[in-house]
Protein chains: 2
Amino acid sequence: MARMSTRAAGRVTIAHVAAEAGVSRATVSRVMNGLASVDPAIGERVRAAAAKLNYSPNTVARSLAIGRTQTVAIVVPDLANPMFQETLRGLSRAAARDGYRVLVADSVENPAEEVILAREARRRCDALVLVAPRMDAEQLEALLPELAPAVLVNRASAVPGIPVLSVDYASGIRSIVDHLQDLGHRRIAYVAGPAASHGDKARREGLSRPLHPVEGAEVIEIPCGAMFEDGHAAAQAVLASGATAAVCFNDLVAMGLLGALHEEGVDVPGRLSVTGFDDIPFARYTSPALTTASVPQTHLGEQAWVRLWALLEGREPEHDVDVKPSLVVRASTGRVRADA
Amino acid sequence: MARMSTRAAGRVTIAHVAAEAGVSRATVSRVMNGLASVDPAIGERVRAAAAKLNYSPNTVARSLAIGRTQTVAIVVPDLANPMFQETLRGLSRAAARDGYRVLVADSVENPAEEVILAREARRRCDALVLVAPRMDAEQLEALLPELAPAVLVNRASAVPGIPVLSVDYASGIRSIVDHLQDLGHRRIAYVAGPAASHGDKARREGLSRPLHPVEGAEVIEIPCGAMFEDGHAAAQAVLASGATAAVCFNDLVAMGLLGALHEEGVDVPGRLSVTGFDDIPFARYTSPALTTASVPQTHLGEQAWVRLWALLEGREPEHDVDVKPSLVVRASTGRVRADA
DNA sequence: CACAGCATAGCAACCGGTTACGCATGCCCG
DNA sequence: CGGGCATGCGTAACCGGTTGCTATGCTGTG
């Protein structure tokens, strides 16, 4: 049985239009692309023929001929994660403004798959945005050159020609810790992320080098993860740690923790202050609203496009970006209690 | 200056491999596609040549030749909305399992743009998933035939050959109202969605035909919207209405409302019960956890793929789906207070 | 031993556009 | 009035694969 396909049975091609208008295919092509040096009268005849036949050019054929697909790919580790969704959205909207479309590939948190996907996605498109916080650094360096033009989001690398958009997690964490210490907190729990992740490593670094060292300050580390459930499950350990504040790996973990604390009847921030990281859209609407460090992920997606666009146009891309997250104080943090 | 492009300077083509292996391009093609009737020895030589030259076939050229792109498009009104993100994720993962990739197009809530986008996206791909809750019904019917193969998500239509995956919003709302009435609520506020949307119309229908009519029951309608801010802004109106329960258009509105109520110090569910709709991943982690009607959007995305896949393979797609949302009772609803 | 029949690889057309090049036409100007 | 040049369109090659048809060589059989 015949497969349904792009090549639908009676699909009208440029040859049909040419015949209808009584000109050559070349002329039709020139008219469709608005190229100069075609007689206005003929141009009109061609447009009329195209309209009559309801012609629209075959994108694939065009791509093959001109060597560009007008499409870029983005590879993310998990489409369920709000951060990557934001990046995708920023990229998609920015690219759309320049007439480009976006192909998504979700590696479902599988680093091995990620390499395959990146290669394959890149081959289908003109350029690639790679978001791979878990990928082994060495493997990444080896992979990057063959992906160009490409940009790397959310982690550092030093491959020439590959723009990097990174987030200064350490500085973000420091501003959070600073804020908590200002409120009098001394014993702080770090509800940690996935051990293998670049982001977790960077956050630890921030914890170990406080901005304004304070007498008697200490950080207790609590192994956790990156999702709601992880935060929810970590509640007991956090409470048992004797900390007066919990600095969570990200907003999802913080929300999971908040949920568990609410179920336990623990007062936030009275008994325990809680902070997140990322400032996902939902962070503003938790109860209490979440204090967090804002990472402008949508903006990173847009900036990724700006750089890809420069590379595609043969221009020099703008300088790399290293965003400093900004502290957003909401209701989930408060002054440490006198009796604590 | 030469543009960077898919056609990189020294890109190795099938002709190079053929030359290297001392065979024709046709033979290389057959080997690469694992077609029968090629001498094992030659097959090995070709594979060796391909490996040596690091050859990988040009996807665009292949697509042109075989008339398939192995890509499907999805058009959504707003990539920031968790519901559409879920659909995208379900689609993307299911399609990936069958070797297909997904192109996304975000109409940014612009119905006019939506039509253009859908046409264009469809032309680049083998098939289309259309999520267009706001699009005018007449326009939709006119558009659908030329999009085939395609499936329509989240709304009804009767164009033959276009599978539909719809959600029975009315039934979902009825189960929520039922639940509230069981808890003793009589005066219920409906915090409404966008007037133009298909979903809002369907929900109203559910409200007007309760499952188990109850003496003295009444519904007060409060105009609102579909986002956090809308729900947040509607808090005063809800409180002023004298209702003991608020049925929100969706989870986002409910979360906005919960946030405002928390700020006002209003006890939920003591003073006011609140329900959402959709059961987005965050609904479980609000405080209090949100009672809502669960719409399996990821599943819809997967089912969309199953049907597209059938159409692409020339098979008869499975019957249409009309999901009945299931009530998920959490902590944001409770028995009406005696003194209310 | 001759010939039918089959397995295998190459030729060439094709997918549907784009574009370098060349030819024909007409205009300007010497 | 003729040469030069600009303009405008068609011819054909090309993008990089796939595939129907055919030619060749080998095997098996009568």
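Order of the sequence lines sets the chain letters (A, B, ...), proteins ahead of strands, with each chain counted from 1.
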Indicate whether the side chain of B:D106 and that of A:S92 have a donor and an acceptor atom separated by less than 3.5 Å. no

N/O donor-acceptor pair under 3.5 Å between B:R124 side chain and B:T69 backbone: no

When you measure from the side-chain N and O atoms of B:T13 to the phosphate of D:dG16, is any distance below 4.0 Å, counting only OP1 and OP2? no

Taking atom P of C:dG16 as reference, at what distance in whole Å does atom CG of A:L64 sit? 12 Å

Determine to 10° how strongly the helix from C:dC1-D:dG30 to C:dG30-D:dC1 is bent, judged from the axes of its five-pair ends. 60°

At less than 4.0 Å, is any side-chain N or O atom of B:T27 found next to OP1 or OP2 of C:dG10? Yes or no. yes

For C:dG17, does OP1 or OP2 lie under 4.0 Å from any side-chain N or O of A:Y55? yes

Closest non-hydrogen atom pair, B:V17 against B:A50: CG1-N, 3.9 Å

Evaluate salt bridge (charged side-chain N to carboxylate O under 4.0 Å, His left out) for B:R134 paired with B:D78, printing each intermediate quantity in order. CA-CA 11 Å; B:R134 306 266 198 287; B:D78 180 13; over 6 Å; no

Quick test of your reading of the model: are A:R101 and B:E120 salt-bridged, counting only N-O distances below 4.0 Å? yes

Please state how far atom CZ in A:R124 lies from atom C1' in D:dG17, giving the value in whole angstrom units. 15 Å

Could you tell me whether a side-chain N or O of B:R122 sits under 3.5 Å from a main-chain N or O of B:A148, the two making a donor and an acceptor? yes

Taking the nucleotide of DNA chain C with the closest heavy atom to each, which residue, B:S24 or B:A61, is nearer the 5' end? B:S24

Does the B:S63 side chain pair with the main chain of B:T59, one donor and one acceptor, at a distance under 3.5 Å? yes

Measure up the B:Y100 and B:W309 rings against each other and bin them: parallel (under 30°), tilted (30 to 60°), perpendicular (over 60°). perpendicular

Minimum-distance nucleotide (side-chain atoms of B:N58 versus D:dG8, C:dG17, D:dG17): D:dG17

Using whole Å, what does the distance between atom C1' of nucleotide D:dG17 and atom NE2 of B:H16 come to? 14 Å

4.5 Å side-chain heavy-atom contact, B:L128 and B:V72: no

Identify whether any heavy atom of A:V28 sits under 4.0 Å from a base atom; if not, whether one sits that close to sugar-phosphate; answer base, sugar-phosphate or nothing. nothing

Whole angstrom is fine here: how far is it from CG in A:N33 over to P in C:dT19? 7 Å

Please confirm whether any donor atom in the side chain of A:R25 sits under 3.5 Å from an acceptor in the base of C:dG17, or the reverse. yes

C:dG17, D:dG8, C:dA9: which one has an atom nearest the side-chain heavy atoms of A:P57? C:dG17

Among C:dG16, C:dT19, C:dG10, the nucleotide that comes nearest once only the side chain of A:I66 is considered: C:dT19

In whole angstroms, the gap separating P of C:dG17 from CZ of A:R68 amounts to 16 Å

Salt bridge check: are A:E146 and A:R119 linked by an N-O gap of less than 4.0 Å? yes

For A:S29, report the nucleic acid contact type (base, sugar-phosphate, nothing); a contact means any heavy atom under 4.0 Å. base

How close or far is atom C1' of C:dT25 from atom CG of A:D39, stated in whole angstroms? 12 Å

Sort me out a list of protein N/O and nucleotides 20-25 of chain D N/O pairs below 3.5 Å, or just none if empty.
{"from": "D:dG20", "atom 1": "O6", "to": "B:R30", "atom 2": "NH2", "distance (Å)": "3.0"}

In whole angstroms, the gap separating P of D:dG10 from CD1 of A:I14 amounts to 12 Å

When the distance from CG of A:L53 to P of C:dG16 is rounded to whole Å, what number comes out? 15 Å

